[in-house]
Amino acid sequence: MIHVFYIDLWDEIEAYLRNVPFPYTLLISVVHESDQQYLLDRVKGMTSASRVVVKKVENRGRDIAPFLVSFREEILGLDYICHIHTKKSLFTGSDQKEWRRHLFDALLGSRERVHSILCHLEQDGRLGILYPETFHAIPYWGHGWLSNKVIGAALAQRLSIPINIHGYVDYPAGSMFWARTSALSSLFSLGLKFEDFPDEAGQKDGTLQHAIERLFVLQAIASGYRYAVILDGIEYRTSSSPGRGSEGYFRHWAPFGSAFDTKSKDARLISFDVFDTLVLRPFLTPDGARRHLEARVYRLFGLGDFCSVRREAEIEAVRLNGGNDATIEDIYKQFGGLIKDDQLAAKLCALEVQSEEDMLKARPAVVAALRRAVGGDARVIGVSDMYLPGRAIEKILSGLGVAPLAHLYVSSETHWRKDRGAAWTEIARVEGVTPAKWLHVGDNEHSDIQLPQEFGLPHPVPVLRPSALLDLVPSLRGLDATVESLSWLEDLCIGLVANRFALLADTKPEKLCGGCLLDDPVDLGYTVYGPVVFAFLAWMSSMVIDDGIRNLLFLSREGHLLTKAFDLFAEYIPELGNVRREYFLASRLGCQIACIERPADLEKLFGGRFKGDFETLVRARLGEALGDVVLQDLSQTLKKVHVELPAVKREVCVTVSKVYERIQAHARGARGAYQEYWSSLHLQGASAVVDVGFNETIQKLLMELTKERLHGYYFATTEKANEYSSRGVFAKGYYGNALNERDTDNVMLRYNLLLESVLTAPSGQFQGFVKASGGALSPVYRADGISQREFHVLDQCHSGILAYIKDVLEVVGVDVLHGGIKPQSMEEGLRRVATGEWSLGSLRQFLYVEDDYTGIGEINVADYYSLS
């Protein structure tokens with residue numbers, strides 16, 4: 001179906017139609033009667049078109065109204081439809097021929113292209129619509145709802161389509177696509193008429209047709225279909241993760257500071273939005289922050305349903321203010337009336353203001369740009385649509401070290417909102433500046449970018465708000481996939497990750513172009529490992545309190561980082577203050593040697609798989625010291641004999657048992673030393689070990705050695721963890737509990753080496769104790785591996801993990817015990833690294849684990865998982 005408004009483009013279209021390699025129905029709409037007759041004459045020679053219909057239509061709704069109104073019945077009688085039009089977009093200043101040809105080439109560029117598209121639709125019955133990737137010149141913010149929010153929301157409600165009008169949307173920018181008719185049938189059932197569309201006036205946005213354009217993909221999804229995007233015009237490739245114009249932002253835009261300095265040279269007035277621009281909230285959404293405040297209000301004052309009462313109070317305050325924004329004082333005045341307690345309302349007002357002050361952080365690149373601007377010739381102001389009073393916002397900015405603004409315009413005080421346009425006209429009047437000399441910096445696609453340009457300001461310097469990044473950048477999309485069901489704590493946890501990526505977008509946008517590059521160890525620790533470790537320890541903290549645990553033994557080497565992280569929790573949660581924390585020296589090797597008391601115990605030492613020579617096996621399973629004891633009388637030939645376990649396990653045990661007395665003597669000493677180490681801790685009350693997991697081998701061995709009951713908290717456990725449950729001992733896993741070892745769907749079980757490679761210590765594997773000359777115990781470690789030699793890099797990763805945990809706890813404090821986290825939402829970053837969606841760059845060379853137990857030796861985890 002083709003809408004032909006510009007008849008001079010027919011020759012161009014006709015050339016593309018020759019690429020359709022089979023008979024088809026041709027539906028054409030025109031707005032001029034002369035064009036109708038002209039095309040009826042032209043199409044007579046098109047033998048490939050088995051049926052041709054040319055209709056004259058009203059000049060309303062551009063190409064959308066003819067599609068949904070004029071040709072409704074004809075299109076519903078077809079299986080597939082290709083929708084194009086004579087796009088010029090002259091309102092942009094010139095004929096957008098490159099954009100048009102980009103779309104035409106992708107959809108009808110060759111006979112092979114058209115054949116491939118139809119085959120794709122035929123072979124994939126769930127594919128509902130496919131369209132060209134957004135043209136490179138279309139700005140990323142064009143994928144927002146912009147001025148179409150009200151119309152789009154109303155249409156979506158009629159169609160029963162859930163939408164987020166504050167987010168980005170996948171749609172065919174330019175409204176050209178191939179579709180399965182059944183995928184869009186609900187749009188036709190709306191029963192729209194031409195008079196529903198506005199008179200044509202060169203509108204750039206904000207019309208029914210612009211809203212419908214953004215609903216094509218959403219309607220296909222709501223009808224149970226998938227969508228695909230044609231990624232280039234050279235080779236037919238599709239993807240269900242379109243760029244939404246992000247390529248243009250990240251590939252062609254300089255870092256924010258450079259872009260700002262270039263744009264601001266000739267400005268007489270420079271304005272900055274405040275929230276999400278100069279300062280960042282840690283929460284992903286305002287709703288998340290509000291729900292946390294509700295939890296805090298309930299804990300402190302016992303008042304429930306805070307959010308709904310505050311919402312009602314704000315609606316009433318705005319109504320009494322003539323529809324203009326109300327101040328926070330106005331809101332809580334109404335709040336007091338609703339709960340019939342003015343004193344409590346005043347306390348809650350102060351709590352909300354204080355919460356904002358406490359949680360906000362400066363956005364360094366933008367604040368630095370503001371500082372440079374204040375030192376220049378331009379007048380620098382702030383503009384914010386906000387209920388907080390200007391004095392409160394200025395106090396926040398001052399406390400964060402933001403350079404003072406010449407003036408701050410706040411909608412709740414001025415009644416001029418940016419998103420309604422009044423701010424632009426009134427501020428220009430008050431400041432006495434022409435729009436051409438006014439540069440604005442902000443994050444909102446509608447109020448900070450679209451409307452200022454329509455008012456005549458130069459193209460603004462856009463700032464990507466953190467939540468938009470997760471909507472815009474393909475490699476980040478889906479981190480907030482469950483945003484509708486996020487707890488307030490999950491909203492915070494994901495929000496902090498989004499904030500970190502926003503700082504990358506400000507300074508190193510190339511790292512988010514075409515993927516996600518995490519080659520800085522601090523960034524890697526913060527965005528990937530921080531959420532994983534935090535969620536585990538938040539869960540464990542709650543368990544420790546509920547289980548009455550008095551002592552936590554953080555097993556080496558993972559405990560090196562976990563102990564520090566748990567110390568942060570103890571700073572904010574009083575109930576953890578009396579829980580004793582120990583970095584506990586333990587390893588499977590060290591504990592197994594100490595547990596040898598009879599010849600049959602040798603069988604345990606040589607269980608599992610191994611491939612290598614006999615000497616390597618002995619040192620791997622018995623350690624260096626005991627290995628020397630066993631090997632000292634063996635010939636070189638025997639030492640180099642190739643061994644594969646479990647095939648020759650019996651023969652190995654027979655050989656080793658020949659020196660059992662020496663082994664027994666060594667084990668007796670190791671056992672005594674270990675028991676002395678245990679006794680020296682003087683533990684009182686219930687104790688639990690903390691480790692990554694998975695079979696709880698060390699927990700079991702320690703109970704054999706100490707004859708004490710020991711519980712366990714783990715990132716994940718397997719079915720083998722239930723062995724001691726009948727004795728009243730538990731082994732709990734957060735990211736998976738009592739898993740089948742072959743469960744490949746569990747991220748933590750499948751990609752555990754990625755976690756272990758980072759959660760290591762600056763010393764090699766613990767092998768046991770020796771007595772120093774004064775009788776004191778001295779630990780013996782395996783020689784340093786690559787991880788220890790490169791620990792300065794891993795230590796930076798640890799600092800990122802700890803920074804993330806501290807940032808969460810600074811916001812929520814003791815409320816962390818009541819927030820609730822779904823494990824899957826916290827391990828998504830780890831999964832994306834493991835699957836190669838996020839690249840490690842140069843960091844891949846520092847991630848190693850040791851697998852001497854099987855004879856492999858040191859393993860590069862990136863190579864093991866084939867990571868980029």
Donor-acceptor pair between [X] and [Y] side chains, under 3.5 angstrom:
| X | Y | value |
| --- | --- | --- |
| S147 | Q450 | yes |
| E352 | Y332 | yes |
| D330 | T327 | yes |

Pair [X] + [Y], salt bridge at N-O below 4.0 Å:
| X | Y | answer |
| --- | --- | --- |
| E294 | R290 | no |
| E329 | K333 | no |
| E431 | R379 | yes |

### Message
F534 and ring-ring contact (aromatic ring centres under 6.0 Å, His included): which single residue from W539, F566, F569 fits?
### Response
F569
### Task
Evaluate the ring planes of F455 and W438, with Trp represented by its six-membered ring, and classify them as parallel (under 30°), tilted (30 to 60°) or perpendicular (over 60°).
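Correct class here is perpendicular.
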Which atom pair, heavy atoms only, marks the closest approach of [X] to [Y]?
| X | Y | result |
| --- | --- | --- |
| H210 | T207 | ND1-OG1, 2.6 Å |
| A211 | N148 | N-OD1, 4.0 Å |
| C516 | L476 | SG-CD2, 4.2 Å |
| N499 | P466 | OD1-CG, 3.0 Å |
| I494 | L479 | CD1-O, 3.4 Å |
| R832 | G478 | NH2-C, 3.4 Å |

### R363 to F272, cation-pi by 6.0 Å centre distance and 45° axis angle
no
### Residue from I393, V366, L397 passing side-chain contact (heavy atoms from CB on, under 4.5 Å) with V279
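Checked I393, V366, L397 against V279; only one passes side-chain contact (heavy atoms from CB on, under 4.5 Å): L397.
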### Task
Show your working on side-chain contact (heavy atoms from CB on, under 4.5 Å) between V811 and D358 and close with a plain yes or no.
CA-CA 7 Å; V811 174; D358 291 344; over 6 Å; no
### Task
Determine, using ring centers only, whether Y526 and Y804 are less than 6.0 Å apart.
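Centroid distance Y804-Y526: below 6.0 Å, so yes.
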### Message
Please report whether the ring centroid of F306 lies less than 6.0 Å from that of F335.
### Response
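Yes, ring centres under 6.0 Å apart.
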### Message
Looking at R281 and P286, would you say the former's side chain and the latter's main chain have a donor-acceptor pair under 3.5 Å?
### Response
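No, because the side chain of R281 does not come within donor-acceptor range (under 3.5 Å) of the backbone of P286.
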### Query
Judged by atom type as modelled, is there a donor-acceptor pair below 3.5 Å linking the side chain of T285 to the main-chain atoms of G288?
yes
#### Entry: Test side-chain hydrogen bond (donor to acceptor under 3.5 Å, both in side chains) applied to S223 - qualifying residues, sequence neighbours left out
Q219
### Query
About how many Å separate CD of E828 and OG1 of T527, when rounded to the nearest 0.5 Å?
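Here the interatomic distance stands at 12.5 Å.
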